[in-house]
Amino acid sequence: MSDFASVPMKFVGPIRIGSEIISGEIEVPLATYETPLWPSVNRGARVSMHTDKGIQCALIDDRMTRSILLEASDASDAVRILQEIEKDDSDLISVAKSTSRFVKLIDIHSQVAGNLIFLRLAFKTGDAAGHNMCTKAAEAIMNHLLERFSSLKYESISGNYCSDKKATAVNGILGRGKYVVSEIIISDKICRRFLKTTPERLVQLNVRKNLIGTLLAGGIRSANAHAANMLLGFYIATGQDAANIVEGSQAITFAEVRNGDLYFSVTLPNLIVGTIGNGKGLDFVQENLNKMGLIDEQEAGINAQKLAIICSATVLCGELSLLAAQTNPGELMDAHQKFERNSE
């Protein structure tokens, strides 16, 4: 019996990417059973190569979180303890730093429910996605608080206010992972030539499908066509914890017509990716990261940010291509028949 589950993988692109952190024409690996995804993302990549600047990406934020759950004697006690923490958190910063030279406590948020304290701790974690690093630091902070405040009792190392692998609003509001915006401007001519649609038609569909349709469905901070498809393929190919597509796919796809051209963007507030740590030691993962130029030790500390930018650009390519296909009757099913069902 094999120790591995084999998932078909191909490189797509190159994708033309521009940002302050990484720029160039980059081929991207995607591992998926949904074979139409490769030509679809490839079409978006091809569009990026026929624009002046390609896909422009901006990194907005970078953090990882863990929330600890503590029990105070009552609500007043909980408020008193939080006020003490807010006065001076330097000891918590030191405690976190003692657990790893790569971790840094950067923010604390709290919620009180009854006599329960939910403390959301945000950290910088270098090139690691940071799950274990944050948990270790959070546990040390929790133990420190239990010693400092005798009325506190342990409840859980995780109180779900993190919020890990769940569709919630808090991650988008307070941040968890890499927050990246990717955007592109496509001329009417290129839009018609490669996407077989017009800027006006694509913008209309984005409003009616991604915005209104998701609103009617009760989506949580999410308005996109299929961001999860590209995230899953990218995450598996680069050794990520694939369950993080739950919060990662809470993406917002936006489009508008600008002077006859198509402005198209994808906002991904919760990309949880890393270039070191669990899963990254596999041979195929190392090969893929190396091909994208993301294992250079001289770039330690920003390799994971580069990876997030490449991931975001890949999601944009897939969003653009699928929305374009859905503006044309029959195109989506024809593609699946051709690539997935052997024209049956």
Side-chain angles (χ1 to χ4, degrees), residues 9-19 22-32 34-58 180-199 201-203 205-206 209-210 223-235 237-238 245 248-249 251-258 261-268 271 292 307-328 331-332 334-336 338-340:
M9 183 177 68
K10 289 185 179 181
F11 274 81
V12 297
I15 303 173
R16 179 174 291 164
I17 300 173
S19 76
I22 182 172
S23 297
E25 297 175 1
I26 301 169
E27 292 187 339
V28 177
L30 293 175
T32 181
E34 190 171 355
T35 53
L37 191 66
W38 296 315
S40 180
V41 175
N42 212 43
R43 177 164 72 158
R46 193 159 61 250
V47 169
S48 77
M49 298 294 290
H50 286 81
T51 59
D52 292 337
K53 297 182 180 179
I55 300 172
Q56 297 296 301
C57 304
V180 187
V181 176
S182 292
E183 52 193 353
I184 189 171
I185 295 178
I186 307 165
S187 70
D188 178 82
K189 179 180 178 181
I190 294 299
C191 197
R192 291 174 185 270
R193 177 183 173 188
F194 292 104
L195 299 175
K196 312 302 180 186
T197 192
T198 65
R201 181 71 182 95
L202 198 146
V203 168
L205 180 61
N206 185 62
K209 168 191 167 69
N210 285 345
N224 62 83
H226 71 145
N229 263 333
M230 286 71 71
L231 289 178
L232 180 59
F234 191 89
Y235 278 21
T238 58
I245 66 169
S249 61
I252 299 171
T253 297
F254 176 71
E256 66 181 12
V257 178
R258 294 185 179 178
D261 297 335
L262 173 66
Y263 169 82
F264 192 86
S265 72
V266 175
T267 299
L268 292 152
L271 284 180
M292 290 186 287
L307 184 67
I309 285 171
I310 296 171
C311 180
S312 177
T314 304
V315 173
L316 183 146
C317 289
E319 284 287 286
L320 180 65
S321 184
L322 179 64
L323 274 176
Q326 291 180 345
T327 65
N328 299 312
E331 184 177 329
L332 178 66
D334 287 346
H336 278 262
K338 178 180 179 181
F339 295 107
E340 199 169 45

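Side chains included, hydrogens not; waters and symmetry mates left out as well; all remaining heavy atoms used.
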Exercise. Grab the two heavy atoms, one from Glu183 and one from Ser265, that are nearest each other, plus how far apart they are.
Key: CB-CB, 3.8 Å
Practice problem: Kindly give the heavy-atom pair with the smallest separation between Val266 and Ala251, and that separation in Å. | Solution: CG1-CB, 4.4 Å
Quiz item: Could you give the distance from CG (Leu322) to CG (Asn229), rounded to the nearest 0.5 Å?
Solution: 8.5 Å
Quiz item: Does the Ser321 side chain pair with the main chain of Gly318, one donor and one acceptor, at a distance under 3.5 Å?
Solution: no
Quiz item: Quick one: does Asn224's side chain get under 4.5 Å of Val315's, heavy atoms only?
Solution: no
Quiz prompt | Donor-acceptor contact below 3.5 Å, side chain Arg258 vs main chain Tyr263 | solution = no
Practice problem: Report the distance from atom CZ of Arg16 to atom CD of Gln56, rounding to the nearest 0.5 Å. | Solution: 10.5 Å
Quiz item: Between the main-chain N or O of Ala45 and the side-chain N or O of Ser48, is there a donor-acceptor pair closer than 3.5 Å?
Solution: yes
Quiz item: Do Leu271 and Leu231 come close enough that some side-chain heavy atom pair is under 4.5 Å?
Solution: yes
Practice problem: Before giving the answer on side-chain contact (heavy atoms from CB on, under 4.5 Å), spell out for Leu320 and Ile186 the whole-Å C-alpha distance, their side-chain angles and the decisive distance to 0.1 Å. | Solution: CA-CA 11 Å; Leu320 180 65; Ile186 307 165; 3.6 Å; yes
Practice problem: Would you confirm whether Ser249, through its side chain, and Ala228, through its main-chain N or O, come within 3.5 Å as a donor-acceptor pair? | Solution: no
Self-check item: Under 3.5 Å donor-acceptor, Thr314 side chain and Ile310 backbone
Solution: yes
Quiz item: Can any side-chain N or O of Asp188 pair as donor or acceptor with the backbone N or O of Asp261 at less than 3.5 Å?
Solution: no
Quiz prompt | Nearest-0.5 Å distance that lies between atom NZ in Lys10 and atom CG in Leu30 | solution = 11.0 Å
Exercise. Provide the closest heavy-atom pair for Cys317 versus Ile55 in the form atom of the first, atom of the second, distance.
Key: SG-CD1, 3.7 Å
Exercise. Without swapping roles, check the side chain of Thr51 against the backbone of Ile185 for a donor-acceptor pair under 3.5 Å.
Key: no
Quiz item: Are the side chain of Asn210 and the backbone of Thr253 linked by a donor-acceptor contact shorter than 3.5 Å?
Solution: no
Quiz item: How close do Met292 and Glu27 get, heavy atom to heavy atom, and via which atoms?
Solution: CG-O, 3.5 Å
Quiz item: What pair of heavy atoms forms the shortest contact from Ile309 to Cys57, and how long is it?
Solution: CG2-CB, 3.5 Å
Quiz item: Is a side-chain N or O of Asn206 found less than 3.5 angstrom from the main chain of Leu323, in a donor-acceptor match?
Solution: no
Quiz item: If you measure from CG on Leu202 to NZ on Lys196, what distance do you get to the nearest 0.5 Å?
Solution: 14.5 Å
Exercise. Supply the atom-to-atom distance Ser23 OG to Ile26 CD1, rounded to the nearest 0.5 angstrom.
Key: 8.0 Å
Practice problem: Kindly determine whether Thr198 and Cys191 satisfy side-chain contact (heavy atoms from CB on, under 4.5 Å), including the steps that lead there. | Solution: CA-CA 6 Å; Thr198 65; Cys191 197; 5.7 Å; no
Quiz prompt | Minimum heavy-atom distance Cys311-Tyr235, with the two atoms named | solution = SG-CE1, 4.2 Å
Quiz item: Taking C-beta and beyond as the side chain, do Leu232 and Thr32 meet within less than 4.5 Å on heavy atoms?
Solution: no
Self-check item: Close side-chain approach of His226 to Leu37, heavy-atom, < 4.5 Å
Solution: yes
Exercise. Can you measure from CZ (Phe264) to CG (Leu316) and round to the nearest 0.5 angstrom?
Key: 5.5 Å
Quiz item: Going through the checks in order, is the side-chain contact (heavy atoms from CB on, under 4.5 Å) test met by Val28 and Phe234?
Solution: CA-CA 8 Å; Val28 177; Phe234 191 89; 3.5 Å; yes
